[in-house]
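Labels below follow one simple rule: chain letters A, B, ... track the order of the sequence lines, proteins then strands, and each chain is numbered from 1. Note: hydrogens, waters and symmetry copies are ignored here, and every other heavy atom, side chains too, is used.
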Amino acid sequence: MSAPAGSPHPAAGARMPPKLGGAVSGLAPPQQNGPAQSPMQVPSGYGLPHQNYMVPSGHYSQGPGKMTSLPLDSQCDSYYSRPYTVPTQNSGTPSSANQPGAQQMYGRGPSAPHMGGSTPGSFQGVPASASHSYSSASQPYSSLGNRYSSPTTYSANASVASQGYPSTCSHYPISTVSNVVYPNVSYPSLPASEPYGQMFTSQSAPPPARPVKESYSGPSTALTYPSRPPPPPSQHQQQQQQSHSGYSSLPWSGPALPPAQDSLIRNQMGSLATANSHPTNNENVQPPKSSSVVSTVLPGPSSTRMPPAPSHPVGPVPSAPPPPEQMQTKGMQYGDYGNNQASSTATPLSSASDDEEEQEEDEEAGVDSSSTTSSASPLPNSYDALEGGSYPDMHSSSASSPVPDHALEPNPTLAQALSAAPTPPAAQPAKVAKPFGYGYPALQPAYQNAAPPPMPAAHPSGPSYTGYPQHYPGVNQLSSGLGGLSLQSSPQPESLRPVNLTQEKNILPPTPIWAPVPNLSAELSKLNCSPDSFRCTLTSIPQTQALLNKAKLPLGLLLHPFRDLTQLPVITSNTIVRCRSCRTYINPFVSFIDQRRWKCNLCYRVNDVPEEFLYNPLTRSYGEPHKRPEVQNSTVEFIASSDYMLRPPQPAVYLFVLDVSHNAVEAGYLTVLCQSLLENLDKLPGDSRTRIGFMTFDSTIHFYNLQEGLSQPQMLIVSDIDDVFLPTPDSLLVNLYESKELIKDLLNALPSMFINTRETHSALGPALQAAFKLMSPTGGRVSVFQTQLPSLGAGLLQSREDPNQRSSTKVVHHLGPATDFYKKLALDCSGQQTAVDLFLLSSQYSDLASLACMSKYSAGCIFYYPSFHSTHNPSQAEKLQKDLKRYLTRKIGFEAVMRIRCTKGLSMHTFHGNFFVRSTDLLSLANINPDAGFAVQLSIEESLTDTALVCFQTALLYTSSKGERRIRVHTLCLPVVSSLADVYAGVDVQAAVCLLANMAVDRSVSSSLSDARDALVNAVVDPLSAYSSAVASVPRSTLTAPSSLKLLPLYVLALLKQKAFRTGTSTRLDDRVYAMCQMKSQPLVHLMKMIHPNLYRIDRLTDEGAIHVNDRVVPQPPLQKLSAEKLTREGAFLMDCGSVFYIWVGKGCDSNFIENVLGYPDFASIPQKMTHLPELDTLPSERTRSFVTWLRDSRPLSPVLHLVKDESPAKTDFFQHLLEDRTEAALSYYEFLIHIQQQVCK
Amino acid sequence: MEAVVFLFSLLDCCALIFLSVYFVITLSDLECDYINARSCCSKLNTWVIPELVGHTIVTVLMLVSLHWFIFLLNLPVATWNIYRFIMVPSGNMGVFDPTEIHNRGQLKSHMKEAMIKLGFYLLCFFMYLYSMILALIND
């Protein structure tokens, strides 16, 4: 252990937890204290009431909206879609259905509200489905929702079941969007083009026709976007559609029992019908189906709603829709406004600094200046524009009353109109309007929802609205009543319930484990960041470091910041409001002291609210800043101005560096790669500037000149590997679209080009140096394919593995890199915004520990395919193919930096993941991809006694593949507690285990593997003994854990049996290192599956508890514990290990299953290697396949399925995952518990 | 002769003091984000060996000239310097590694170390000064 390392860890030799705490020492807290550092008394106090208020109002407005489809509502809906859905959940089905993993991953919105939307929807769909902890998160919503929905919804909807159905529909589209659309995610080049779309979306599938506008629409927006007719529909229509879409997200559609698609279509038609009022729109009719699935879905609910609407038309009427001309003029103004804003934004450009870090820093100047500028002239205009927007909505709503009749007519135009919706007033003017202006309108609708005053009389439900505040408490009660579903209402009793570990036989719950919900007030937890993006190991932060040390638990954050989201508010405004001292972005947890000032929740500085931010379009008044989307969503994305750029946003640049030595050609990966590239060439994220290049290398380096105009690709060979140079710097990276033919030619020729090569050497180092030279002017992504140990030139490596030591129980050497060449190269690349992704496909030792450095520090990713061979090992080939598909098409962000801030008093001292830590809290990420996870360890530097809440904020600044600078901000808020019991009650055991895994990887590299293993064991022993001595009054002879920690021993045992940390079992060094790399770079959801796979019995799947996804029934078999005792010969079991599925078929398995699912007459005839389930037309087969597909859809990298017969040799692969069983080298779970107990009782 | 030995030690010690100050300043620059980790570490790493050599020479000189007390005083620091240099993992870019320096509080510990050394060298400086003057007087 190096000396420096030693000093930071006073308890180095000892145990991890102390180390965690002790290591705290570190860095100065990132935030500077503002001059006014007053304790955070009521961080959200001021804002909260308003927010609450808002929510109800939103409901309220929606209520009428659903009837009449008021324009105002539409935006509200999108914002509050979750809350809406929630109500149905409560009312409809007491038990919420599980959310499919897919949704978890993708479907769930960043912000809590969003979660509500997606999840509740799914739940509702299936009344019988199992309840999830998620529900807790959504509870607040639900409670509100119930309150509201009860008046309107119940009357409207005939049956609960019907409600459920629609909700599922909405849910479904979401998931599909995420999965399918994802690759296409296109960001509109125009930031502000559509109000809503921008606000809500994220990656919707853009219709090919208009890349720009479509791109951002979220699920709701997506609906609007499907296709825009050349003549933009009137704003009214647009808004209506929006409103509809918003509704669709709601569970309300009662009637929609017909298949989801039908309902969707209908819905659309309904929305269209509203549009019908304008004859012109009809002309534009598109087939509803043409629109993206999402879009169709959303409207659906609205249509269903329509029937009740007739009564409502009255409501809108009072609002007195302005004559069209007025609206148009307003629209025009709006457009002007947009222009003004654009111009104003241009002015702030002030800072072009050399340092990237300054990018963020520079914002200060930008903010200040922008705030002043914005206040000047644009606002008034915006007012008008906004108003205009609201009016049209009203108008549309009135018009909508007739709609129901027309509903059957297919009017795609509406959808189009919606897409155009940005400017409510007049569609044409809107088109003219600049991006910025658009951004605003979008926001406005939301406001409208929030603000009841403008049209109190309009709504029949008005009375209920006024009553709302009173009802609110009632709502809380409701939620608490539902508390059974969620931990929130009474988390402590349950999570603190002492569990006798040695007595408890079935420690693993039958349903998936969800993240615990922080013990916050309903309003705050509703606003809180989704646990999928942001989790903390302790959901209750201890007040002092001493308390944390006493608890002996690791404190840290687990981040998945660039996760694929289906709903993401995108904000375009020229003022990005940030704290002047610590640069925190304004977020839902700040407190507004008055209308002009807000108090930063991280450094407690009091800041001015910029003029622009004050403006509330809905009420046409200043002073409601707490209703801005930035303050309503804890996950938002800003379109950044040029203040956030050091240079113009770079184009997407992809360079492929391919090993073509004999070994590589023999393995045959080139065929798979070229095929995948050919298939996905058009789906590579990027815009018209996208550039691509290829290099191959063996003992020499080959470049390919693909310059447009050549008749065929030119190969240029550089054999001087000691001093690499670029033969023709200009034509090696070429525009993808201009040279597409040449690229295709090359890809077709590549696999056969080197077929007769006899060159066995590999000059990887020089090739990488050349790649760096090639990429350094722009930055981008380098994908390196390597099949053997580099043996020539710089960076050559020696074999360090001793095969005889693979199963050693003693010391494992060579976990660290052998040379600093790759690290230096990675840092050079990182400095030039280039990330290196490594695909290692080797059959022998390739020293991944050294090679991985090139990706680790350049923010790349690592893929490893041991014993890859395209024909001899088809499952690996299939995996490569699937991974490549995802890899090539997934979203990508360039030249990114991520900064993590936390409340004053906390500090971060260690980061885990693939990146380069450029300064204390700034991570430099040359590329960011949606599958990257990060972890941060925290320490408490100052006592937090003055504050009740702490917040964490990550801001990810990146350039999208469309060349837009964007900032994605997540904010997490957690309570501070002072008692040890509360700390234990709030443990997020999964997050803790993932953080422990990261720490253990560090420990094994810096110290030794056995040290890391000891530390892991101590990580279990310490908290348990601290708990039993300090909190629980139980005899020390029993091993007792609080319920929240009951899975800790199991998970840690699982960690100890991971490839990364196991000893005594033969493990190849590369496998071990790869497992470590994965632990460091995978997001929590994926990592947990890798650590502790899920085991299901699948030979007798039933529909009991099944959930409906995408009009498919997905059975939900209970989780089995990972022990052979659960395997019966009569059964078939599926094990979900994250990146691989195993289906184990017992010898005596029901012939029914073998025949109907596997398609073979009996057990003996099942082949040894089977990687697909046949598509049989039987019920069991359908169920099994839908279950497997559902599991698959829940993760980005499609896992390969292995069928394992009871007696086949492959079964060891399966049995090594049975973690609770004893193996030759490791303890069984029970033995491990006994071991822990002995340690605890010492 | 004795005076010459201490004169040399004194000069050497001055250099070490300047070096320590340089370390402290550079590290605090990094702490304040004035320079980035890479340039900071490459700056510091170039001076690790000179420091090590400079200090080891004095230590050996004290041993050779049979100043036992001063030698024993210097020994731990010299050992630490050498140990630290030898124990750098093969994949690291030197004693100061830009990818590690922000992790696990390494920056703080480096800072602490630089400060302690600065204090130690100052102490040595006065000791050498005193010894030199004493030697000159005795001559």
B:Lys108/B:Glu113 ion pair, N-O < 4.0 Å = no
query = Any salt bridge between A:Arg800 and A:Asp847, counting N to O under 4.0 Å?
reply = yes
Interface check, chain A: of B:Cys32, B:Gly94, B:Ser90, most non-hydrogen pairs under 4.5 Å belong to B:Ser90
Assert top hit (heavy-atom pairs under 4.5 Å, partner chain A, pool B:Ile86, B:Asp97, B:Leu30) equals B:Asp97
**Message:** Using a 6.0 Å cut-off, check whether atom OH of B:Tyr22 has over 12 heavy atoms from anything other than its own residue.
**Reply:** yes
Largest heavy-atom contact set with chain B, pairs under 4.5 Å, which of [options]:
options                                : answer
A:Val917, A:Leu827, A:Val1005          : A:Leu827
A:Lys856, A:His912, A:Lys824           : A:Lys824
A:Ser850, A:Ala826, A:Ala849, A:Ala818 : A:Ala818

Scanning both residues in full, the closest heavy-atom pair of B:Gly54 with B:Asp12 reads O-OD1, 3.1 Å
Of all heavy-atom pairs linking A:Gly795 and A:Tyr822, the shortest is O-OH, 2.6 Å
